[in-house]
Undergrad: 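First, the structure itself, so that you have it in front of you.
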Amino acid sequence: MKLLTTEFYRRPTLTVARDLLGKVFVRREGGDTLSGRIVEVEAYHQDGDEAAHSFGGERERNRVMFRDGGLLYVYFTYGMHFCMNVVTEREGTGAAVLIRALEPMEGVARMRENRGAGKTDVELTNGPAKLCQALGIGRGENGLSLDGGIVGMYDDGAAPGAEIGISTRVGISRSTELPWRFFLTGNRWVSRGRPSHPTI
DNA sequence: CAGTCGATGTACT
DNA sequence: GTACATCGACTGG
């Protein structure tokens with residue numbers, strides 16, 4: 001597996017979002033390695049995207065989004081959940097890609113422990129807060145570099161293996177919602193919804 | 001199945 | 001006070 005370099009992230013956010021499909025996210029927790037293939041993402045950008053946390057400028061909560069691409073941006077929401085993003089583009093630009101679903105690879109037993117009893121394989125990582133819980137991602141991982149230490153993103157040479165579907169994002173209630181959600185069509189771990197456009 | 005709704009902390013109006 | 005890039009439990013068909 002080849003670690004993605006910072007060059008990968010420091011490109012236009014929509015390009016990075018599409019290219020992340022099929023890549024392998026690796027999280028080292030204690031002595032365990034937890035990993036999964038990315039099957040669903042959403043792009044967020046400071047410019048013209050009212051739903052982005054970075055819209056309206058840099059603040060304490062979103063400051064990692066404004067740093068150079070290649071970091072993990074983790075936020076807390078709904079009083080109980082964490083979600084994780086990959087920061088894109090360059091210092092000063094508030095942009096990131098939300099990881100919405102993974103297909104588990106290594107460390108499934110540990111993911112099951114982290115999620116709690118009674119979960120099916122699909123339920124381990126078929127949503128942004130679920131996958132963070134499965135991988136043990138929380139406040140402490142906000143701002144970490146994807147350098148392959150605690151967290152990393154890899155290309156294992158596998159093609160995405162499915163067509164890419166596009167739709168509006170999930171859970172956004174603004175009037176100007178954008179078709180910035182990308183997913184592998186037919187993958188069991190994709191969280192929900194249907195493509196509003198045919199696949200590309 | 002689909003639809004509804006409560007949980008629960010934080011940031012912002 | 002209200003909204004929130006969510007989840008899981010519950011309802012009714």
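We name chains A, B, ... by the order of the sequence lines, and we start the count at 1 in each one.
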Undergrad: Specify the closest pair of heavy atoms between A:A162 and A:T185, including all atoms of both residues, with the distance to one decimal.
TA: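 Closest heavy-atom pair between A:A162 and A:T185: CB-O, 3.6 Å.
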
Undergrad: Which residues in residues 86-97 of chain A have a heavy atom closer than 4.0 Å to any atom of DNA chain C?
TA: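 Contacts with DNA chain C under 4.0 Å: none.
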
Undergrad: Return the set of residues passing side-chain contact (heavy atoms from CB on, under 4.5 Å) with A:L144 (not counting sequence neighbours), or none when no residue passes.
TA: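 side-chain contact (heavy atoms from CB on, under 4.5 Å) check on A:L144 returns A:E141, A:I150, A:V151.
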
Undergrad: Do A:H53 and A:Y75 have ring centroids that are under 6.0 Å from one another?
TA: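 Yes - the distance between ring centres of A:Y75 and A:H53 falls below the 6.0 Å cut-off.
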
Undergrad: Any side-chain N or O of A:R59 below 4.0 angstrom from OP1/OP2 of B:dT10?
TA: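 Indeed not, no polar side-chain atom of A:R59 lies that close.
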
Undergrad: Which atoms form the tightest heavy-atom contact between A:E123 and A:T120, and what is the distance?
TA: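 Answer, listing the atom of A:E123 first, then A:T120: OE1-N, 2.9 Å.
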
Undergrad: Any non-hydrogen side-chain atom of A:Y44 less than 4.5 Å from a side-chain atom of A:L178?
TA: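 Side chain of A:Y44 against side chain of A:L178, heavy atoms only: no contact under 4.5 Å found.
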
Undergrad: Of the residues in residues 112-125 of chain A, which ones touch DNA chain C at a heavy-atom distance under 4.0 Å?
TA: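 Within this stretch, A:R115, A:K119 sit under 4.0 Å of the strand.
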
Undergrad: Kindly express the pairing pattern of DNA chain B in dot-bracket notation, using | wherever a base pairs with another strand and counting only Watson-Crick or G-U pairs under 3.5 Å.
TA: |||||||.||||.

Undergrad: Name the nucleic acid region contacted by A:A129, choosing base, sugar-phosphate or nothing; use a 4.0 angstrom heavy-atom cut-off, strictly under.
TA: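 Here A:A129 touches the backbone only, sparing every base.
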
Undergrad: Which residues pass the ring pair (Phe, Tyr, Trp, His ring centres under 6.0 Å) test with A:F66, sequence neighbours left out?
TA: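 With sequence neighbours excluded, A:F66 shows a ring pair (Phe, Tyr, Trp, His ring centres under 6.0 Å) to no residue whatsoever.
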
Undergrad: A:Y9 and A:G69: which non-hydrogen atoms are nearest, and at how many Å?
TA: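 Residues A:Y9 and A:G69, closest heavy atoms: CB-C, 3.8 Å.
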
Undergrad: Evaluate the side-chain proximity of A:R169 to A:D49: yes if any heavy-atom separation is below 4.5 Å, no if none is.
TA: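 The answer is yes, as the side chains (C-beta and beyond) meet within the 4.5 Å cut-off.
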
Undergrad: Other members of the hydrophobic cluster containing A:Y154, with the 4.5 Å side-chain heavy-atom rule, please.
TA: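 When side chains under 4.5 Å apart are linked, the cluster holding A:Y154 also contains A:M1, A:L3, A:V24, A:V26, A:M105.
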
Undergrad: Could you tell me which residues satisfy side-chain contact (heavy atoms from CB on, under 4.5 Å) with A:S145, sequence neighbours excluded, listed by chain and number?
TA: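 Counting only residues at least two positions away or on another chain, A:S145 forms a side-chain contact (heavy atoms from CB on, under 4.5 Å) with A:L71, A:D147.
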
Undergrad: Taking side-chain contact (heavy atoms from CB on, under 4.5 Å) as the definition, give me every residue that meets it alongside A:Q133, ordered by chain and number, with sequence neighbours left out.
TA: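 A:Q133: side-chain contact (heavy atoms from CB on, under 4.5 Å) contacts with A:R115.
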
Undergrad: For A:D19, enumerate each residue passing the side-chain contact (heavy atoms from CB on, under 4.5 Å) test, keeping only those at least two apart in sequence or located in another chain.
TA: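 Partners of A:D19 under the side-chain contact (heavy atoms from CB on, under 4.5 Å) test: A:F8, A:R11, A:T15.
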
Undergrad: Nearest whole angstrom, please: distance from the P of B:dG9 to the CD of A:E60.
TA: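 Taking atom P of B:dG9 as the reference, CD of A:E60 is at 20 Å.
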
Undergrad: Less than 4.0 angstrom from a charged side-chain N to a carboxylate O is my criterion; do A:R37 and A:D156 meet it?
TA: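 A salt bridge links A:R37 with A:D156.
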
Undergrad: Between which nucleotides of DNA chain C, 5' to 3', does chain A make heavy-atom contacts below 4.0 Å?
TA: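 Contact span on the strand: C:dC4 to C:dG8.
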
Undergrad: Go through residues 69-83 of chain A and report each residue with a non-hydrogen atom lying under 4.0 Å from DNA chain B, sorted by number.
TA: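 DNA chain B contact set from residues 69-83 of chain A: A:F76, A:Y78, A:G79, A:M80.
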
Undergrad: Got a sec, which pairs hit salt bridge (Lys or Arg N to Asp or Glu O under 4.0 Å) with one end in residues 90-108 of chain A, sequence neighbours left out?
TA: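 For residues 90-108 of chain A, and leaving out neighbouring residues, the salt bridge (Lys or Arg N to Asp or Glu O under 4.0 Å) pairs sorted by first residue read A:E40-A:R100, A:E42-A:R100, A:D68-A:R90.
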
Undergrad: Taking side chain as C-beta onward, heavy atoms only, is A:K130 less than 4.5 Å from A:T125?
TA: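 No, every pair of side-chain atoms sits at 4.5 Å or beyond.
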
Undergrad: Assign A:L98 to base, sugar-phosphate, or nothing according to its heavy-atom contacts below 4.0 angstrom with the strands shown.
TA: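 Result for A:L98 = base.
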
